[in-house]
Amino acid sequence: MSDVSMIIDGERRAAPATFGVVNPATGAVHADAPDCSREQLDSAFDSAAKAFTDWRRDEAARRAALAAGAELLRAATDRIAPVLTAEQGKPLAAAVVEVRGAAHWLKYFSRLELPREVIQDDARARVEVVRRPMGVVAAITPWNFPVMLASWKIGPALLAGNTMVLKPSPYTPRSTLLMAEVLAEALPPGVLNAVSGSDELGRWMTAHPVPRKISFTGSVATGKHIAASAAPDLKRVTLELGGNDAAILLDDVDPAAITEKIFQGAFGNSGQVCSAIKRLYVPESRHDEIVDALAARAAAARLGDGLDPGTELGPVQNRPQFERVGGLVAEALRGGAKAVAGGGPLDGPGFFFQPTVLTGAAEGTRIVDEEQFGPALPVLTYRDVDEAVARANATMFGLSGSVWSADPDRAEAVADQLDCGTAWVNAHVALGPNQPFGGFKWSGIGVENGPWGLAGFTETQVRYRAR
Ligand code: NAD
């Protein structure tokens with residue numbers, strides 16, 4: 001039996017079977033997690049459906065429970081963060097930030113207003129637009145920020161009056177189950193259920209007749225399957241999918257001022273961030289000095305086990321992803337690109353890949369055209385800014401992007417031309433609970449966070465009162 005449990009109907013539940021969870025710093029199974037059966041999934045959805053009847057009725061009680069949950073989660077940081085590091089690989093300090101960030105997000109939603117808008121009030125009628133909950137939400141999350149991304153769904157879904165069945169990635173199930181166990185102390189039974197299992201469990205969830213909404217964060221490929229699976233039942237979907245973010249440096253940038261920020265934007269969480277910098281466009285005239293500074297920073301990064309206090313970057317989270325990043329880099333090198341930092345995996349156990357900066361890779365190479373989602377960054381040169389913008393936008397991704405300049409107004413005029421959900425100026429991966437986050441094109445449907453994300457967990461209802 002696993003030492004972590006699923007949460008179904010407010011209770012800790014073991015499953016008939018368990019599956020192994022690998023620590024990416026060693027490459028070996030270090031723990032296990034329950035493998036939810038189909039019957040258990042049915043009972044989780046039944047419980048969520050029953051809980052919905054009362055949960056939807058009392059907004060003040062929901063706010064109080066969410067706020068209490070946020071406090072409990074914050075208080076459990078020291079319990080959850082090491083579990084997150086052991087299964088995800090990120091440095092412990094980053095895991096602490098993630099758990100605290102999730103608590104911050106829940107707190108934000110506990111206070112967010114549910115919009116009500118009077119659109120007409122005259123002799124004929126009083127007409128108001130209100131928001132109604134949808135019912136049961138099926139929430140499915142990826143392995144890069146399991147705790148944080150679950151909070152982006154739990155907060156708004158529950159505040160709006162929905163109940164939930166949540167499934168983390170099979171690569172990182174344990175921190176999410178602990179999170180749900182902690183939050184369940186503040187919530188009525190059935191309001192938040194958490195189950196763990198393989199991708200198959202995700203397929204059962206999206207095909208299940210009970211949920212009215214699927215909130216998914218993960219890859220484009222899975223997002224398309226989910227959209228197809230939701231269609232026959234007309235389930236609502238929010239899809240937060242992959243990105244291939246471009247950062248465009250203008251010709252007046254000061255490398256000393258931006259190198260650290262660019263490095264963090266590309267290599268933070270070992271590059272496993274949906275909105276990381278995945279293509280860096282630099283003016284031809286400034287190429288060498290920018291690349292030298294970035295390569296020196298990448299080469300100095302301290303790679304290691306996330307539990308080691310000196311570690312700055314952890315391993316790639318899982319073997320398939322590790323092999324994919326290695327394959328993309330090797331293919332670029334074979335095609336004539338040059339690694340000015342890193343270039344391959346580290347010898348020894350674990351999925352460690354050197355922070356890699358590539359020059360000389362162009363569009364048409366997979367590491368430029370596809371989402372690498374790992375610690376490898378291609379640097380591309382451009383001659384004029386319009387050309388850089390056109391190349392940045394010439395993709396089916398559209399999650400986010402950034403423009404960097406000593407003159408923020410000049411940068412903003414360029415950012416204005418980017419086709420993506422967030423366009424940063426002199427920043428990248430700057431997120432907040434109040435900012436709607438989502439992607440254009442294949443990077444998603446709908447947004448999370450802020451009142452706009454909350455609206456995605458509601459149906460719009462018109463209240464028409466005749467005079
Ligand atoms: P993934 O799509 O492989 O898996 C995500 C989740 O979906 C997992 O829980 C998995 O078990 C489940 N799943 C897999 N197949 C399924 C199916 N057919 N039906 C239902 N569920 C299924 O993604 P991943 O590899 O875990 O995560 C990395 C991807 O997530 C990257 O592309 C990254 O850019 C993206 N991402 C996007 C955001 C965002 O907010 N836009 C945030 C983080 C990560």
Side-chain angles (χ1 to χ4, degrees), residues 19 21 24 33 35-36 41 87-88 90 98 105 138-153 165-177 194-208 211 214-231 235 237-245 268-278 316-325 370-374 395-400 420-422 429 431 433 435-449 453 456:
F19 60 94
V21 180
D35 194 3
C36 184
L41 180 66
E87 67 181 1
Q88 205 286 333
K90 67 185 63 193
E98 180 170 340
W105 246 257
I140 301 176
T141 51
W143 46 256
N144 58 342
F145 292 94
V147 174
M148 178 59 118
L149 295 173
S151 76
W152 291 18
K153 303 183 187 310
V165 177
L166 166 67
K167 185 197 93 68
S169 165
Y171 290 114
T172 54
R174 294 167 53 84
S175 50
T176 306
L177 295 183
V195 295
S196 56
S198 66
D199 295 352
E200 184 69 22
L201 177 62
R203 282 191 282 274
W204 294 345
M205 287 172 72
T206 60
H208 201 280
I214 302 168
S215 176
F216 172 75
T217 304
S219 63
V220 170
T222 306
K224 289 180 179 179
H225 286 300
I226 286 178
S229 164
K235 290 184 175 76
V237 288
T238 297
L239 303 175
E240 293 290 352
L241 309 179
N244 192 9
D245 286 16
N269 210 41
S270 297
Q272 302 164 120
V273 181
C274 52
S275 56
I277 299 172
K278 293 176 182 141
V316 173
Q317 198 281 324
N318 59 72
R319 180 174 291 284
Q321 187 59 22
F322 175 66
E323 287 172 355
R324 176 175 156 77
V325 173
E370 297 181 13
E371 180 185 39
Q372 65 271 44
F373 212 61
T395 167
M396 282 311 292
F397 292 100
L399 194 56
S400 30
C420 51
T422 303
V429 205
L431 304 170
Q435 296 171 209
F437 184 73
F440 290 13
K441 300 185 262 183
W442 283 1
S443 289
I445 294 179
V447 296
E448 292 191 297
N449 298 329

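Note: hydrogens, waters and symmetry copies are ignored here, and every other heavy atom, side chains too, is used. Both counts, for ligands and for their atoms, begin at 1 and track the order of listing.
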| query | Where do D245 and S275 come nearest, in terms of heavy atoms and distance? | reply | OD2-O, 3.2 Å
| Close N or O approach (T141, ligand 1; < 3.5 Å) | yes
| said: For ligand 1, which is the ligand I care about here, please tell me if L399 has any N or O atom under 3.5 Å from one of the ligand's N or O atoms. | reply: no
| message | Side chain or backbone, does D199 bring an N or O within less than 3.5 Å of an N or O on ligand 1? | response | yes
| message | Quick check on A221 - does any of its heavy atoms sit under 4.0 Å from an atom of ligand 1? | response | no
| task | List the closest protein heavy-atom neighbour of atom 33 (C) of ligand 1: residue, atom name, distance to the nearest 0.1 Å. | result | F373 CE1, 3.3 Å
| message | Residue-level breakdown please: for I140 versus ligand 1, do any non-hydrogen atoms fall below 4.0 Å on the side chain, on the backbone, on both, or on neither? | response | side chain
| Cation-pi check, K224 onto W442 ring (under 6.0 Å, within 45° of axis) | yes
| Subset of ligand 1 atoms that lie under 4.0 Å from at least one heavy atom of E240 | 37 (C), 38 (C), 39 (C), 40 (O), 41 (N)
| Would you call F145 a ligand 1 contact, heavy-atom distance under 4.0 Å? | no
| said: Could you go through N449 and Q435, starting from their C-alpha distance and side-chain angles, then the distance that decides it, and tell me whether this counts as side chain to side chain contact (heavy atoms under 4.5 Å, CB included)? | reply: CA-CA 6 Å; N449 298 329; Q435 296 171 209; 5.7 Å; no
| query | Considering only heavy atoms, which of T222, L431, I214 lies nearest to atom 4 (O) of ligand 1? | reply | T222
| Closest approach of any protein heavy atom to atom 44 (C) of ligand 1, naming residue and atom | N144 ND2, 3.4 Å
| task | Flag T206 as yes when one of its N or O atoms lies below 3.5 Å from any N or O atom of ligand 1, and as no otherwise. | result | no
| field | Side chain, backbone, both or neither: the part of M205 lying under 4.0 Å from ligand 1 by heavy atom | value | neither
| request: Determine the minimum heavy-atom distance between F322 and V316, stating which atoms define it. | output: N-CG1, 3.5 Å
| request: Measure from the ring center of F145 to the ring center of W152 and say whether it is less than 6.0 Å. | output: no
| field | Pairing of E370 and R324 as salt bridge, 4.0 angstrom limit | value | yes
| query | Is P168 touching ligand 1 with its side chain, its backbone, both, or neither, if touching means heavy atoms under 4.0 Å apart? | reply | backbone
| remark: For atom 21 (N) of ligand 1, the closest protein heavy atom turns out to be G202 CA, 3.5 Å
| remark: For atom 42 (C) of ligand 1, the closest protein heavy atom turns out to be C274 SG, 3.0 Å
| message | Using modelled atom types and a 3.5 Å cut-off, is there a donor and acceptor pairing between side-chain atoms of E87 and backbone atoms of V21? | response | no
| task | Return a yes/no value for E371: is any of its N or O atoms, backbone included, closer than 3.5 angstrom to an N or O of ligand 1? | result | yes
| Could you state the interatomic distance from OG (S400) to CZ (F437), rounded to the nearest 0.5 Å? | 5.0 Å
| request: Decide whether the shortest distance between a heavy atom of G444 and an atom of ligand 1 is less than 4.0 Å. | output: no
| query | Does a donor on one side chain sit under 3.5 Å from an acceptor on the other, for K153 and T217? | reply | yes
| request: Under 4.0 Å, heavy atoms only, figure out whether ligand 1 is touched by the backbone of L149, its side chain, both or neither. | output: side chain
| task | Can you figure out which of G218, P142, G438 has its heavy atom closest to atom 35 (C) of ligand 1? | result | G218
| remark: Among non-hydrogen protein atoms, atom 7 (O) of ligand 1 lies closest to F216 CE1, 3.2 Å
| Polar contact flag for W143 and ligand 1 (N/O pairs, less than 3.5 Å) | yes
| said: What I want to check is whether the side chains of E448 and T238 have a donor and an acceptor closer together than 3.5 Å. | reply: no
| remark: Under 4.0 Å between heavy atoms, the region of L201 that gets near ligand 1 turns out to be neither
| request: Give yes or no for whether the N/O distance cutoff of 3.5 Å, strictly under, is met between K278 and ligand 1. | output: no
| message | So for F437, does at least one of its heavy atoms come nearer than 4.0 angstrom to any atom of ligand 1? | response | yes
| Euclidean distance, Y171 OH relative to F19 CZ, rounded to 0.5 Å | 11.0 Å
| Quick one: which ligand 1 atoms are inside 4.0 Å of a heavy atom on R203? | 17 (C), 18 (N), 19 (N), 20 (C)
